[in-house]
Amino acid sequence: MKLDRGYPLVRAEDGALYRCEHAIALVKEHTLRAAIGDRVAIDVGEGHDKALIKEILPRTSQLVRKDPSEQALSQVLAANFDRVLVAQPLTDLNIRRLERELVLAHETGAAVSVILTKADLAATEGQQESVLGRVRGLVGTGGVSVVSTADPVSIEALRALIPPGEVAVLVGKSGVGKSSLVNLLVGHEVQKTADVRDTDGKGRHTTVSREMIEIPGGGRVVDMPGIRGLGLWDADAGIEAAFSDIEELAGACRFRDCKHEAEPGCAVCAAVRQGVLAEGRLASWRALKQETAAIQGRREEAARLRTRSGHPRTRKPPPPPEEDES
């Protein structure tokens with residue numbers, strides 16, 4: 001239910017809460033560590049101040065990025081959720097970051113929605129419609145919600161995305177208003193927030209742990225610190241989903257292995273020349289494909305080195321990070 005100071009907080013079936021640590025056997029035999037949302041088997045022994053996590057059950061979904069501290073290892077940020085909510089501020093939209101966030105979100109296989117926050121700070125209604133149009137061009141008409149603290153209807157629409165029995169993961173950069181969204185969903189302040197800066201309208205980072213929070217009359221939402229590093233990991237399927245417009249155009253290319261660079265009969269390049277596809281979006285697609293190929297190459301090389309040395313892994317798994325931005 002919560003990860004901070006490296007010790008997971010686990011809620012048992014009877015509702016009891018236990019601060020836990022990983023069993024020594026689990027640490028020695030596996031590179032797996034419990035992430036927020038994991039279902040685990042624990043041992044509550046007498047005379048111990050912490051319970052032991054003995055087993056991590058198979059995951060139905062997981063949000064994975066490349067470990068920022070390693071060249072060829074992954075890091076699971078959350079597990080066992082039904083929807084990913086990608087938060088971006090309407091007044092300070094970062095399209096390139098949103099594209100990357102959508103790749104990571106789609107790679108999970110869960111439903112994906114974009115939440116545009118701080119709509120009440122938009123200078124004009126025209127500004128809001130312009131940003132909404134740009135985002136819908138990336139994710140489709142059904143996956144974007146605009147949320148304003150002054151509009152109760154928008155909050156109820158957001159709450160409807162997380163029905164009883166389901167779990168949503170809320171991701172976004174520090175200061176986009178994730179904790180404020182959680183407080184709106186719950187109906188009172190459960191997550192500490194900081195005032196918006198007068199100079200640039202941006203919030204200050206306040207969340208320092210990953211936590212799963214109950215929504216009255218709804219499901220659960222996982223609030224996390226702002227994710228700074230968004231390194232891709234095994235993201236081909238996510239890129240295909242996040243860049244479905246390019247994938248669709250590619251189907252009309254003359255050559256099946258077209259790289260969409262300077263090949264004759266390239267439908268993607270033709271769409272750029274005709275103004276149907278933004279050149280910057282194609283550049284983002286190329287960069288993300290190259291990044292994914294590079295990390296795959298490093299993973300294969302690391303696997304070869306482990307095989308030669310006879311060691312199944314290269315390091316002990318670190319505890320989950322307590323925070324990403326501060």
Verdict with supporting geometry, L288 and F243, side-chain contact (heavy atoms from CB on, under 4.5 Å): CA-CA 10 Å; L288 294 173; F243 289 81; 3.5 Å; yes
Distance (rounded to the nearest 0.5 Å) between D43 CG and K54 NZ: 5.0 Å
Donor-acceptor contact present, side-chain S154 to main-chain S148, <3.5 Å: yes
Linked, directly or transitively: L3 and L52 (ILVMFWY side chains, under 4.5 Å): no
Polar side-chain atom of K118 near backbone of T91 as donor-acceptor pair, under 3.5 Å: no
V135 side chain reached by Q88 side chain, heavy atoms, under 4.5 Å: no
Side chains of F81 and V222 in contact at under 4.5 Å (non-hydrogen atoms): no
Over all atoms of both residues, closest heavy-atom pair of N80 and G37: ND2-O, 3.0 Å
Shared hydrophobic cluster, I239 / V272 (ILVMFWY, side-chain heavy atoms < 4.5 Å): yes
Linked, directly or transitively: V76 and L9 (ILVMFWY side chains, under 4.5 Å): no
Nearest non-hydrogen partners of R11 and L17, listed with the distance: CB-CD2, 3.5 Å
S130 side chain vs G126 backbone, donor-acceptor pair below 3.5 Å: no
Check: S284 side chain, G280 main-chain N or O, donor-acceptor pair, under 3.5 Å: yes
Nearest-0.5 Å distance that lies between atom OG in S145 and atom CD1 in I155: 12.0 Å
Interatomic distance, I215 atom CD1 to R220 atom CZ [nearest 0.5 angstrom]: 10.5 Å
Minimum heavy-atom distance V171-M224, with the two atoms named: CG1-CE, 3.5 Å
Separation between CG of L63 and CD1 of I36, rounded to the nearest 0.5 Å: 12.5 Å
Among R65, R100, R286, salt bridge (charged side-chain N to carboxylate O under 4.0 Å, His left out) partner for E291: R100
Test log, rule side-chain contact (heavy atoms from CB on, under 4.5 Å), inputs L85 and L158: CA-CA 10 Å; L85 303 176; L158 176 59; 4.2 Å; yes
Minimum heavy-atom distance between D38 and R33, given as atom pair plus value: OD2-O, 4.0 Å
Whether over 12 other heavy atoms sit under 6.0 Å from E247 CD: yes
Side-chain heavy atoms of L138 within contact of V144, under 4.5 Å: no
Taking every non-hydrogen atom, the tightest pair across P164 and G217: CG-O, 3.5 Å
Pair E263 + K259, salt bridge at N-O below 4.0 Å: no
Name of the residue among E21, H22, R19 meeting side-chain contact (heavy atoms from CB on, under 4.5 Å) with P8: H22
Atom of L249, atom of A271 and distance for their closest heavy-atom approach: CD1-CB, 3.7 Å
Basic-acidic side-chain contact under 4.0 Å: E99, R281: yes
Sub-4.5 Å side-chain heavy-atom contact between Q128 and L90: yes
Shared hydrophobic cluster for V40 and V44 (ILVMFWY, side-chain gaps under 4.5 Å): yes
Rounded distance [0.5 Å steps], CD in E211 versus CE in M1: 8.0 Å
side-chain contact (heavy atoms from CB on, under 4.5 Å) between D151 and V146, intermediate numbers included: CA-CA 10 Å; D151 182 10; V146 178; over 6 Å; no
4.5 Å side-chain heavy-atom contact, I115 and L161: yes
side-chain contact (heavy atoms from CB on, under 4.5 Å) evaluation trace for D236 with K289: CA-CA 7 Å; D236 285 335; K289 293 288 281 188; 4.1 Å; yes
Atom pair SG (C269) and CD (E279), whose distance is rounded to the nearest 0.5 Å: 9.5 Å
